Amino acid sequence: MDSLKDLQFTEKGNDIYITPKEGKHTETLVFMHGLGDSAKGWFDVFYAKDSPVLKTTKVVLLTAPTKAVTINFGMKMPSWFDIRDFNINADNFETSIGVKEIEENSKRITAVLDQELKELDENSQRLFIGGFSQGACMALHNGLQYPKTLGGILCFSGFGFPVTKETEENKKTPIFISHGEEDQLLPWKKVGSTYKNVETDVRKITRSIIKDLGHGIDLEVLSAANKFFKTALGTQ
């Protein structure tokens with residue numbers, strides 16, 4: 001990003017839309033935050049000179065509905081799905097995670113993707129989806145299930161769902177995966193295996209596994225994401 005003067009933003013309810021100030025955007029990223037956060041929590045990441053996207057990119061920061069979260073003693077907070085147990089695996093997935101909420105919020109995310117696709121003149125390969133933690137899970141789930149080929153999927157500190165049904169259109173969609181080796185909330189040694197279903201010979205996977213990083217991102221991650229974004233768009 002050359003300058004913040006290149007950008008402008010609008011708020012729609014609890015969501016934030018960042019767009020180029022001059023000219024029409026040429027690609028779009030729909031991004032979801034993590035548990036207990038909001039669109040505002042990621043605004044500074046994308047409305048910045050070292051943003052992981054380009055100055056021609058429209059960024060849609062969505063905010064999850066406020067719901068009671070079991071693992072947090074029933075406290076209400078922005079959440080894409082309920083979490084009942086962090087010890088999640090394929091066998092206990094449907095009892096550990098709010099599958100119904102995943103389905104409900106996926107409808108909304110898909111509707112946003114559909115709308116943004118119209119603004120890109122139906123060029124789906126310039127449409128990206130991404131997220132952090134809970135949002136990364138939703139990004140991977142919705143990106144792989146989308147009926148048109150996306151430009152890429154960005155997953156920061158998340159994991160894959162065993163219930164995701166990948167479409168033929170997104171079997172080759174490139175995926176960016178970042179994670180901290182010191183992530184205590186979602187240890188990489190545990191969740192890394194949940195990506196095995198997307199690791200195929202026909203898909204390019206870009207990993208940014210950072211030593212000494214916990215559950216979060218840093219400048220190295222943002223730089224790697226920017227490179228992934230440019231490569232997917234053919235600008236690098």
Side-chain angles (χ1 to χ4, degrees), residues 1 4 7 9 14-16 18 29-54 57 59-64 66-67 69 71-73 75 77-83 85-88 96-97 102 105 109 128-143 152-161 174-195 198 205-230 232:
M1 191 71 64
L4 295 182
L7 300 174
F9 70 93
N14 293 320
D15 304 329
I16 301 175
I18 302 173
L29 169 66
V30 177
F31 192 89
M32 282 78 68
H33 60 78
L35 178 64
D37 204 353
S38 69
K40 291 182 179 179
W42 284 84
F43 176 75
D44 288 344
V45 173
F46 291 98
Y47 198 75
K49 293 181 180 179
D50 54 1
S51 169
V53 296
L54 311 181
T57 306
V59 180
V60 180
L61 300 174
L62 298 179
T63 296
T66 297
K67 297 283 187 178
V69 179
I71 200 75
N72 286 346
F73 308 102
M75 291 175 57
M77 61 190 68
S79 174
W80 295 107
F81 51 85
D82 191 24
I83 301 174
D85 187 348
F86 273 124
N87 187 29
I88 304 164
S96 299
I97 294 292
I102 291 173
N105 287 313
I109 293 167
F128 293 72
I129 189 170
F132 173 76
S133 194
Q134 239 197 5
C137 301
M138 294 297 286
L140 186 64
H141 181 67
N142 285 274
I153 303 170
L154 295 91
C155 302
F156 300 93
S157 303
F159 60 90
F161 293 157
I175 299 174
F176 175 82
I177 300 169
S178 79
H179 217 98
E181 286 190 354
E182 299 303 317
D183 190 329
Q184 301 300 312
L185 185 65
L186 296 173
W188 173 246
K189 288 184 179 180
K190 178 180 178 181
V191 303
S193 62
T194 65
Y195 291 105
V198 302
I205 301 284
T206 300
R207 293 180 183 80
S208 182
I209 312 304
I210 309 299
K211 184 179 180 181
D212 298 326
L213 178 65
H215 192 65
I217 60 170
D218 61 9
L219 290 177
E220 185 175 349
V221 169
L222 293 178
S223 177
N226 182 265
K227 184 177 180 180
F228 167 84
F229 210 77
K230 289 178 178 177

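Since the structure is predicted, the reported quantities are computational estimates derived from the model, not experimental observations.
Inter-residue side-chain proximity for Leu29 and Val60 is flagged as unmet; no heavy-atom pair is nearer than 4.5 Å. Taking 4.5 Å as the limit, every side-chain heavy atom of Ile88 sits out of range of all side-chain heavy atoms of Thr194. For the pair Val69 and Met75, the minimum side-chain heavy-atom distance is 4.5 Å or more. Contact annotation: the side chain of Ser96 never approaches that of Asn87 to less than 4.5 Å [non-hydrogen atoms, C-beta and beyond]. In this structure, Ile129 and Leu140 have side chains that are not in contact, with every pair of non-hydrogen atoms separated by 4.5 Å or more. Counting heavy atoms from C-beta outward, Ile18 and Val53 have side chains that stay 4.5 Å or more apart.
A distance-only check finds no donor-acceptor pair linking the side chain of Ser38 to the backbone of Thr63 [under 3.5 Å]. Of the possible polar contacts, one joining the His33 side chain to the Ala64 backbone as a donor-acceptor pair under 3.5 Å is found. For the pair His179 (side chain) and Leu186 (backbone), a donor-acceptor distance under 3.5 Å is present.
The minimum heavy-atom distance between Gly130 and Ala139, with the atom names listed, is C-CB, 3.4 Å. Considering all non-hydrogen atoms of both residues, Asn226 and Ser51 come closest at ND2-O, 3.5 Å. The minimum heavy-atom distance linking Gly41 with Asp37 is given by the pair CA-OD1, 3.4 Å. Residues Ala136 and Gly158 come closest through the heavy atom pair CB-CA, 3.8 Å.
To the nearest 0.5 angstrom, Met138 atom CE is 6.0 Å from Phe161 atom CZ. In this structure, CD1 on Ile205 lies 8.5 Å from SG on Cys155, to the nearest 0.5 angstrom. Going from atom CG of Asn105 over to atom CE of Met32 covers 9.5 Å, rounded to the nearest 0.5 Å. Atoms CG and CD1, from Asn142 and Ile109 in turn, are 4.5 Å apart once rounded to the nearest 0.5 Å. Distance CG/Leu61 to CG/Asn14: 12.0 Å, rounded to 0.5 Å. Taken to the nearest 0.5 Å, the OG atom of Ser157 stands 6.5 Å off from the CG atom of Leu213.
Only one option out of His215, Lys189, Lys190 pairs with Asp183 in a side-chain hydrogen bond (donor to acceptor under 3.5 Å, both in side chains); it is His215. Tested against Phe132 for a ring pair (Phe, Tyr, Trp, His ring centres under 6.0 Å), the candidates Phe159, Trp80, Phe156, Trp42 yield a single pass: Trp42. Partner of Phe176 under the ring pair (Phe, Tyr, Trp, His ring centres under 6.0 Å) criterion, chosen from Tyr195, Phe228, Phe229: Phe228.
Thr57 is linked by a side chain to side chain donor-acceptor pair (under 3.5 Å) to Glu27, counting only residues two or more places apart in sequence or in another chain.
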Determine, step by step, whether Ile83 and Ile97 satisfy the side chain to side chain contact (heavy atoms under 4.5 Å, CB included) criterion, reporting the C-alpha distance in whole Å, the side-chain angles of both residues, the deciding distance to 0.1 Å, and the verdict.
CA-CA 5 Å; Ile83 301 174; Ile97 294 292; 4.3 Å; yes

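No hydrogens or angles considered: a donor-acceptor pair under 3.5 Å links the side chains of Ser79 and Gln134.
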